[in-house]
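Okay, so here's the structure we're looking at.
Predicted model only: the values in this text are computed from it and were never measured. Letters A, B, ... are given to chains in the order of the sequence lines, protein chains preceding strands, and every chain is numbered from 1.
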Amino acid sequence: MLGLNLPVVIVLAAIGGVLAWRRANTLTWLLYTWVALWAFFKYGFAVPIPQSVATIYLGITGLALVCFASSSRERLSETVQPIVRLILEPRYRLALAGLLVALPALAAYNVYADLNVPLEAPGFGREVHPPPPTEMTVHDETVDMATAENPYLHYKHDDPELYGEHLENGRRVYYENCFWCHGDGMGGDGMFAHGLNPVPSNFNDVGTLPILQSSFVHWRIAKGAPGLPGAGTPWDSMMPAWEKFLTTEEMWDVNLFIYDFNGYEPRALGQH
Amino acid sequence: MTLHATRRAQAMATVAAAALLLALPAGAQVDLGTEEQRAAGKVVYDKYCGQCHGDTGDGNGYATPRVKPKPRDFTTGTYKFRTTPNGMLPTDDDLRRVIEIGAPYTSMPGWPNLTSAEIQNVIYYIKSFSPDFENPDRYGEPIEIPRPLESTEESIARGRVVYEEQGCAACHGEVGRGDGPSAPTLVNDKGDPIKVADLTQRWTYRGGATKEDIYRTFSTGLNGTPMPSYADSLEIEDRQHLVNYVYSLGDGDEPNYGTLITAVYSEEPIDLQDGETLDALFEAAPTTRFPLVGQITEPGRNFFPSVTSIEAQAVYNRDEIAFRVRWHDLRADTSGRNSPSLEVPMWDEDNGIGDDAGDDGGDSDDFFGDFGGEEAPAEDDFFGDSGGDDFFGDGGDDFFGAADAGPPGAEFSDAVALQFPASLAPEGTPELKPYFLYGDSQNPVDLWFVNLTYGVADTFRGRGSESIEPTEADIVEAVTSYDQGEWTVTYKRRRSSRAGVSFAEQQYTPLAFSVWDGFNRERGNKRALSSWFYVYTEPSVQAATTFPIVRAAVIVLVLELLVVFLVRRRARQKAAGEEAAGTTLATTEAPAV
């Protein structure tokens, strides 16, 4: 669940391997370290880390590399040697001229690209699972979030037939109310999902239902987006507050159904 | 898609070749699978399909009253998307195609996660619902789909002639926006109203949007719908030209939904009455298409909105800002009433009109069941149904009597609204916005609402769905027009406002849209709406771009030359020093740069 972009990481490691095998000089290593880190931040994560954070990391790394290179006289001259040779030796004259042209061109391109990024709507982070309240009132009943559990879950072992009835009722509730957003197969890809920001939760995902207690899911179903704290950007989410439409039993039944459909169990109480 | 297309083409070729070469009787195609395969198919069906198509395959699942079009009734053996002639059963490959990619912009999703064997099993199971699949006479030879012709001007022009001659426009409209004169009257063979395809929005074609799909659609027709087959009336070549014409009507393959309108600056005055200058102004502004979905978060839900997207533009000058929005609507409904806060009774959330699924209890279902019944209602009845004026009348007349009241669809008018926060988020909380559904008590929104019956803009302040009040703080002007299936509404307001949001330069202002289609009985919260998006007011003076680019290059070049110069000077000094010390060293003399 590190969210790494594996091919990129492998390629970067492979380049490092080649450098080690070819016994690259200090300068090459320093350049490699910095460029590899840049590439890792930019392409190495499935969800890229924010530009500002990456810039800070790269700045620190750059500083560390300079310190390293200048930590002793020998190392400094060892690092600088290739640059000095490039500048002084006539056989590199062409390469030097090339570099003299290439670097300003790169800088110019960078500025050009920066000026031409297509305008985008401002994006904001949002907390997907903000902390729930300690208790809530649903249909005049107080629910203690720390101890509440799906009251029908235990039928799974105690009374499979009754369990089946609750599941079937949950199925009805889901396909009368939820699939437009959360999808027929619960992949978060219902027929309205393309118009929603934030997108509907994907219940197939191992990072959603299994890590949540059934009371948390009950809270989200009963109170919807308007029940979220500010960190969850309640003003953007279309998740309805189902207490307006459903009975408490229906809400627990659909809770049961979304777990069962995906073969998951709610996280047990007291487990963190 | 192309993969599917090729696979389909190959499969078809194989079937066709086999049938031709071996001259098999048509009955040889009957393949109902084995007992085990059907049993395996039932497992998949019960988990993924029954909730819509019904556990007994009759199309009466849990979702049925709330989706349009309704899930296919598998007991009838009537299928829309086929390579086989009109009235015939689909091939297994036709069914597989629908199951894999679904029918876009309907509730029928694609099922890419099912394995090929699972799909085959579920196909066998679906076929077992209808005895038709045992009848060899219901099987037809799949048509051959020729390669598309090159889309030349002549070909498109010829296609246009065919389109006119064949009367496509009667349903699909002059320019294909689904607004033909017959469009509001069409029902399918179960009596349900059916929406004519908007040929300009190819991504919404339910049977697929490639040229091959289009060829197939009008060659074999869509069984059970008014969309006929033209296999008998059109030569193959004319059909190919027609494909090119239909394709040319399209606004691209993808909707390319955006998240931002860029408002461009102009020195010109914005005069809403001067259409030509206004058009010229907007000509220069980029257009963004935004997705709309049904409002299903608060009571008065709209599970099947008519309008699925809206295009928007914005321009501004020193004092004023103007917005232009456009969307397609099969008919201009300009005689009814509408407002953002009209009450929507619970029964009007469901798929009532002409509903034949009304026997599973519930008052609302009974209500519609009485109208629709089993047989298709006559066109007039259908509109009568929707025109339930009396029902809303406070007089409390028997609303069943409404069936013979009023002109078609006169009850609700088309309408549109732009929504802005009443004020921008305070410094440091840029993400804070009012609730996207008409705002909330702490953060109100302003609505620029146009009821297209009157064509003027009314402003409302929303503090949530229960609290929407008219305001007069700002004057918003609007002009509206309806042309060949497209509404255009242009708004204008002063940029600065004392009570609402002001549009400063280089400001991102949240904005959301609502559209009501009166024909679909949309009013109040029963509407199509969008999430929050943004309008960005582009700087009035465009910053020069060449200077910073040149500056960056020059700085880097100067630094480089400096390094080169210093290194060389050092080397020369060193060489000089060493020479002085009497050492011989073959240092290269630095060439001048």
Side-chain angles (χ1 to χ4, degrees), chain A residues 83-84 87-90 93 96 99-101 103-112 114-116 119-122 124-126 171-177 179-181 183-185 187 189-197 224-226 230 233-241 244-245 261, chain B residues 47-48 51-52 61-63 65-66 105-107 109 111 113 257 259-260 262 290-294 296-299 303 429-436 440 443 508 530-534 536 543 545 548-557 560-561 563-564 567-568 571 587-588 590-591 593:
Chain A
I83 304 179
V84 174
I87 293 176
L88 296 183
E89 291 181 22
R93 206 179 290 174
L96 179 65
L99 200 68
L100 283 181
V101 175
L103 284 182
L106 201 69
Y109 174 77
N110 216 352
V111 174
Y112 168 80
D114 265 358
L115 286 174
N116 281 284
L119 273 179
E120 265 186 49
F124 304 104
R126 79 180 272 275
R171 179 168 175 248
R172 176 186 64 80
V173 172
Y174 187 86
Y175 290 100
E176 281 179 2
N177 298 288
F179 81 87
W180 286 269
C181 299
D184 309 67
D189 53 354
M191 64 179 292
F192 286 175
H194 67 280
L196 275 56
N197 177 20
T233 61
W235 42 83
D236 282 333
S237 168
M238 285 202 196
M239 172 65 185
K244 282 188 196 158
F245 299 92
F261 186 91
Chain B
K47 174 149 188 176
Y48 296 114
Q51 54 274 21
C52 290
Y62 291 132
R66 291 182 174 171
Y105 290 81
T106 75
S107 59
W111 297 92
N113 294 339
Y257 292 129
T259 54
L260 177 91
T262 306
F290 297 98
L292 298 178
V293 300
I296 56 170
T297 303
E298 304 218 313
F303 294 105
T429 55
E431 76 282 9
L432 184 79
K433 285 173 234 145
Y435 189 35
F436 78 101
D440 52 78
N443 294 292
Y508 288 91
S530 76
S531 312
W532 278 121
F533 293 108
Y534 286 90
Y536 173 70
T545 54
I549 295 175
V550 172
R551 182 178 55 187
V554 169
I555 292 177
V556 171
L557 188 66
E560 277 179 338
L561 292 177
V563 169
V564 169
V567 168
R568 287 192 173 167
T587 321
T588 35
V593 179

Contact origin within [X] toward chain B - heavy atom pairs under 4.5 Å:
X	result
A:Y175	both
A:Y112	both
A:L196	both
A:P234	backbone

Supply the atom-to-atom distance [X] [atom1] to [Y] [atom2], rounded to the nearest 0.5 angstrom.
X	Y	atom1	atom2	result
A:T233	B:E431	OG1	CD	8.0 Å
A:L119	B:T262	CG	OG1	5.0 Å
A:M191	B:F303	CE	CZ	11.5 Å
A:E176	B:Y62	CD	OH	8.0 Å
A:F192	B:I296	CZ	CD1	5.5 Å

Give the minimum heavy-atom separation between [X] and [Y], together with the two atoms involved.
X	Y	result
B:K433	A:D236	NZ-OD1, 2.9 Å
A:L100	B:L557	O-CD1, 3.5 Å
A:M238	B:V293	CE-CG2, 4.1 Å
B:P299	A:F245	N-CZ, 3.5 Å

For [X], is it the side chain, the backbone, both, or neither that has a heavy atom closer than 4.5 Å to a heavy atom of chain A?
X	answer
B:F436	both
B:T106	backbone
B:P434	backbone
B:Y105	both
B:L432	both
B:T259	both
B:Y435	both

Tell me whether [X] contacts the main-chain N or O of [Y] through its side chain, where contact means a donor paired with an acceptor under 3.5 Å.
X	Y	value
A:K244	B:T297	no
B:S531	A:G195	yes
B:W532	A:N197	no

Problem - Best-contacting candidate, A:G185, A:A107, A:P122, against chain B by heavy atom pairs under 4.5 angstrom - result: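 Answer, by heavy-atom pair count under 4.5 Å with chain B: A:P122.
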
Exercise for the section: Go through A:G125, A:A225, A:A241, A:S237 and name the one with the most non-hydrogen pairs under 4.5 angstrom from chain B. Expected result: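 Top option by heavy-atom pairs under 4.5 Å: A:S237.
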
Practice task
Please indicate whether A:Y109 has more than 12 foreign heavy atoms, meaning atoms of other residues, nucleotides or ligands, lying under 6.0 Å from its OH.
Solution key: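 Open: at most 12 neighbouring heavy atoms sit under 6.0 Å from OH of A:Y109.
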
Problem - Heavy-atom side-chain proximity of A:L115 to B:P548 below 4.5 angstrom - result: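 They are in contact (side-chain heavy atoms under 4.5 Å apart), so the answer is yes.
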
Practice task
Quick one: sort the B:Y48 and A:F261 rings into parallel, tilted or perpendicular, breaks at 30° and 60°.
Solution key: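 It falls in the perpendicular class, over 60°.
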
Problem - Derivation of the side-chain contact (heavy atoms from CB on, under 4.5 Å) call for A:N177 and B:R66 - result: CA-CA 9 Å; A:N177 298 288; B:R66 291 182 174 171; 3.3 Å; yes

